[in-house]
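What follows is a set of notes on a single structure, which appears directly below.
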Protein chains: 2
Amino acid sequence: MGVTKTEIFTEQQNRIADLAKAFSHPARVAILQLLISRKACVCGDLVDELELAQATVSQHLKELKRIGIIHGEINPPRVCYCINPVVWQEAQSTFGSLLDTFALTNSCCN
Amino acid sequence: MGVTKTEIFTEQQNRIADLAKAFSHPARVAILQLLISRKACVCGDLVDELELAQATVSQHLKELKRIGIIHGEINPPRVCYCINPVVWQEAQSTFGSLLDTFALTNSCCN
DNA sequence: TTCAATAATTGCAATATTACGATGAATATT
DNA sequence: AATATTCATCGTAATATTGCAATTATTGAA
């Protein structure tokens, strides 16, 4: 159907999936890296850095905003995008604990 | 177009995006959690745990295999799925360093 | 060989995502 | 006021993803 059955999963599982979406497209990874390195934080600069149309970059920024991992400050006529430290920390602890739940001592069931 | 322009991004960015896809759907998160907790590792058991059809679970398993984060051992007529420790560690270090590149002392550019 | 059990694959439908040109809204500058 | 700049949104096209029923291997057992 193309539609995820959100209701059959836990809140936590759905949130993990959402946070992962921030990193699940190379353009969004690149945008986040650019924001962190502070080589660019204005939409127009991101467009210059990436070989993508302005509309496409804007769409990825919208998705990142929806997830909450960035927020934009209007600085007319520009918009400065920044990492949201709160959600970034949430991602750190979420992926940190998820990835730690697998102990390397675990062996396969055979 | 619906098609990601893979070629304009770095190998690293594309790999991060691919690894993130393992976690970007709640069903795949649930599957990985079940494999880790060892409540289930056989496809049929996963189908019982999740409210999804066998074909759907199989497809998610296929995607996780493509990424490399799990592998299946044939134990006829069953298939036992396991976390691949090598790729799991890759995910740990990849997301670990990516998430660490943002220092909370970073302030926005305004 | 035939049957049962298990899982992969196929085919299909519906929705989501990616991408871009064009347009629109907001605001600074002239 | 008119213009230019910047970014969001709309519309559209193409591809990807999600999900399931049905079918197809595959293999062990009868």
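Here is the naming used below: chain letters follow the sequence lines, and residue numbers restart at 1 for every chain. Since the model is a prediction, treat every value here as computed from it, not as a measurement.
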How would you label the contact of B/Gln59 with the nucleic acid (heavy atoms, under 4.0 Å): base, sugar-phosphate, or nothing? base
Whole-Å gap separating P (C/dT18) and CZ (A/Arg66): 11 Å
Using whole Å, report how far CG of A/Leu64 lies from C1' of C/dT17. 14 Å
Pairwise distance OG1(A/Thr101) to CG(B/Leu32) - rounded to 0.5 angstrom: 9.0 Å
In this structure, how many angstroms lie between the C1' atom of C/dT18 and the CD atom of A/Glu51, rounded? 16 Å
Which value, rounded to the nearest 0.5 Å, describes the distance between B/Asp18 atom CG and A/Ser24 atom OG? 10.0 Å
Touch class at under 4.0 angstrom, heavy-atom based, for A/Thr4 against every strand present: sugar-phosphate
Expected list for residues 88-95 of chain B: side-chain donor-acceptor pairs under 3.5 angstrom, two or more places apart:
from: B/Trp88; atom 1: NE1; to: A/Leu99; atom 2: O; distance (Å): 2.8
from: B/Glu90; atom 1: OE1; to: B/Arg15; atom 2: NH2; distance (Å): 2.9
from: B/Glu90; atom 1: OE2; to: B/Arg15; atom 2: NE; distance (Å): 2.8
from: B/Gln92; atom 1: NE2; to: A/Leu99; atom 2: O; distance (Å): 3.1
from: B/Gln92; atom 1: NE2; to: A/Asp100; atom 2: OD1; distance (Å): 3.2
from: B/Ser93; atom 1: OG; to: B/Gln89; atom 2: O; distance (Å): 3.4
from: B/Ser93; atom 1: OG; to: B/Glu90; atom 2: O; distance (Å): 3.2
from: B/Thr94; atom 1: OG1; to: B/Glu90; atom 2: O; distance (Å): 2.6

Any side-chain N or O of B/Arg28 under 4.0 Å from OP1/OP2 of D/dT18? yes
Report yes if the side chains of B/Leu61 and B/Ile31 come closer than 4.5 Å at any heavy-atom pair, otherwise no. yes
Taking for B/Lys5 and for B/Val79 the nucleotide of DNA chain C with the nearest heavy atom, the one nearer the 5' end belongs to B/Val79
One should read off an interatomic distance between A/Leu34 CG and A/Leu50 CG, to the nearest 0.5 angstrom, of 6.0 Å
Nearest-0.5 Å distance that lies between atom SG in A/Cys80 and atom CG in A/Asp45: 10.0 Å
Would you say A/His60 places a side-chain N or O within less than 4.0 Å of OP1 or OP2 belonging to C/dA19? yes
So if I define the base as every atom that isn't primed, P, OP1 or OP2, how would nucleotides 22-30 of chain D read as a B/S/- string at a heavy-atom cutoff under 4.0 Å? -----SS--
